[in-house]
Amino acid sequence: MSIQVLTVLGSTGSIGVNTLDVVARHPDRFRIFALAGHKQTAKLARQCIQFRPDFAVVADEFAAADLKAILAAEGCPTEVLYGRQALIDVASSDEVDGVMCAIVGAAGLPSALAAAQKGKTIYLANKETLVVAGELFMETARANGARVLPIDSEHNAVFQVLPRDYEAGLDAHGIDSIILTASGGPFLDKDLTEFDSITPEQAVKHPNWSMGQKISVDSATMMNKGLELIEAHWLFACPPDKLEVVIHPQSVVHSMVRYRDGSVLAQLGNPDMRTPIAYCLGLPERISSGVAPLDFETLSALTFRRPDLRRFPCLRLAYEAMNAGGMAPCVLNAANETAVEAFLNKEIRFTDIAPIIAHCLEQKFSDGLNNLESLLAQDGYARKQARDYINGLAK
Ligand code: NAD
Ligand code: MG
């Protein structure tokens, strides 16, 4: 077995930490080439001391000076780089086999795309890459022989139960639909009249999963499932009308595939991201992940129901953006990132998030050239429109 050389982008986040937990269990399989942790220098320093990567990447020169000082004091030889280009460089270096893309938001797109251009194995947690640039990213990966492996638990579940050569087409394999399960988040049964007063602290408390703040708010609005619909659309070349969402509050069935003959295949497991991470990192072998076995004796009932689009208008907006295509998903994502950040900063109410996104989707936007520059320009423009709308709310 040859050692796989990895770059972990977003190593200090929830997915990054789980990735390094799996990597640490298999020192004979993996070597870390680079870690990227933005502004979390103390945490990144501890990871560098443990994994001894060649490079560590942070956001700016201040974070770099900070990290260098800690590493020098510890005698850690890791070289410190900073800035966007450095992320691209460590994602596309000739020395790297695989890149874990676990930065949060559209900020993760340029480095993920760079890895695709260099034909790397891409462990894709950053769903926003596919929402903003699904067509461009998948085309780039295909043209350069980059393998895109889904880390997102639902997509990983689908990937596990699809036939190996699913790329030949879902129809050819007798697949009727892909069913994404959704927990429904912390407000699945909350009185709708109380939604106005939901605080960030309440919104980030997910009932089953421990995740970063942004995706936790997305789960509470169900925008997360909306983003995941668009993610599945591109990953599996699945037409929008063959994508279903089903609420499953226990988060044990991670997603399903419905076949023409009436069979439905599902993947089950405890809600722990180390399972999808280990599945992808180990391919074609199954490797240990540290995840507790699913205990059927203590398992509560598994229940399923239909999502309520009145309770979760963000999910409806995502459906609309997916169906509209073109730049609409890019606008949806940019507006959502801006709104979620404003909500976390207590500038707006929970119930303001959907109207901000709806406002941005109603504006005129470009038909879009399918390249990074025009996508990023549209992203910036939509963020500004969302910002202006938020500033108007405050008056
Ligand atoms: P997180 O907030 O815990 O971590 C984000 C990471 O990105 C951190 O290392 C942070 O330092 C870095 N980062 C933040 N802003 C950055 C920027 N502008 N430039 C470069 N780096 C930056 O987030 P997370 O929960 O680990 O999620 C990461 C990605 O994985 C997201 O796209 C999320 O949707 C996806 N995902 C997460 C989970 C989960 O269980 N946490 C599950 C499925 C998919
Ligand atoms: Mg998911």
Side-chain angles (χ1 to χ4, degrees), residues 7-21 34-47 56-60 63 67 81-88 90-91 100-112 122-132 149-159 180-185 204 206 208-219 222-232 235 245 248 251 253-255 267 269-277 280 291 333 336-337 340-341 344 376 379 383:
T7 280
V8 182
L9 304 174
S11 67
T12 51
S14 164
I15 293 289
V17 167
N18 279 309
T19 299
L20 292 180
D21 182 284
L35 296 174
H38 206 48
K39 295 188 176 170
Q40 295 163 291
T41 48
K43 197 168 183 179
L44 185 56
R46 285 196 298 278
Q47 294 179 336
V57 182
V58 288
D60 51 36
L67 181 61
L81 310 172
Y82 65 86
R84 278 187 46 176
Q85 186 57 43
L87 289 176
I88 291 173
V90 297
M100 173 62 69
C101 295
I103 290 173
V104 59
L109 168 60
S111 48
I122 298 174
Y123 303 103
L124 191 66
N126 179 261
K127 64 192 82 186
E128 293 90 348
T129 284
L130 284 174
V131 176
V132 177
L149 300 173
I151 297 295
D152 208 348
S153 58
E154 295 76 4
H155 307 73
N156 186 269
V158 169
F159 186 64
L180 300 182
T181 53
S183 70
V204 299
H206 196 279
N208 309 331
W209 296 95
S210 157
M211 311 182 285
Q213 288 203 318
K214 189 259 178 186
I215 183 176
S216 296
V217 175
D218 285 348
S219 298
M222 281 196 77
M223 177 56 92
N224 184 48
K225 212 49 53 182
L227 301 179
E228 290 183 357
L229 282 168
I230 301 169
E231 183 185 11
L235 265 177
V245 172
H248 165 50
S251 301
V253 175
H254 296 308
S255 278
Q267 183 259 353
N270 282 320
D272 187 322
M273 290 307 293
R274 290 176 299 176
T275 294
I277 291 167
C280 291
V291 176
N333 180 71
N336 181 57
E337 284 192 33
V340 169
E341 196 182 328
L344 286 169
L376 293 181
D379 171 278
R383 279 171 205 265

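Predicted model, so just to flag it, every value in this text is computed and none were measured. Values below: every heavy atom of this structure, side chains too, minus hydrogens, waters and symmetry copies. Numbering of ligands and ligand atoms starts at 1, following listing order.
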- Item | Min side-chain heavy-atom separation D21-I277 under 4.5 Å | no
- Message: Salt bridge or not between E128 and K214? Use side-chain N to carboxylate O under 4.0 Å.
- Response: yes
- Dump the intermediate steps for side chain to side chain contact (heavy atoms under 4.5 Å, CB included) on N224 and K127, then the final yes or no. CA-CA 9 Å; N224 184 48; K127 64 192 82 186; 2.6 Å; yes
- Message: Please determine whether side chain to side chain contact (heavy atoms under 4.5 Å, CB included) holds for the pair I215 and V104, giving the CA-CA distance in whole Å, both sets of side-chain angles, and the decisive distance to 0.1 Å.
- Response: CA-CA 8 Å; I215 183 176; V104 59; 5.9 Å; no
- Which pair of non-hydrogen atoms, one from K225 and one from A182, has the smallest distance, and what is that distance? CE-CB, 3.3 Å
- Validation row: N126, I15 side chains within 4.5 angstrom (heavy atoms): no
- Message: What count do you get for protein N, O or S atoms closer to the Mg ion (ligand 2) than 2.8 Å?
- Response: 3
- Message: Counting C-beta onward and ignoring hydrogens, is there a side-chain heavy-atom pair between T12 and Q47 closer than 4.5 Å?
- Response: yes
- Query: Taking it one step at a time, do L124 and I151 satisfy side chain to side chain contact (heavy atoms under 4.5 Å, CB included)?
  - Reply: CA-CA 5 Å; L124 191 66; I151 297 295; 5.6 Å; no
- Item | Side chain to side chain, C280 and N156, heavy atoms closer than 4.5 Å | yes
- Message: At less than 4.0 angstrom from any atom of ligand 1, which residues have a non-hydrogen atom? List them by chain and residue number.
- Response: G10, S11, T12, G13, S14, I15, G37, H38, Q40, A102, I103, V104, A107, A125, N126, K127, E128, D152, M211, G212, I215, M273
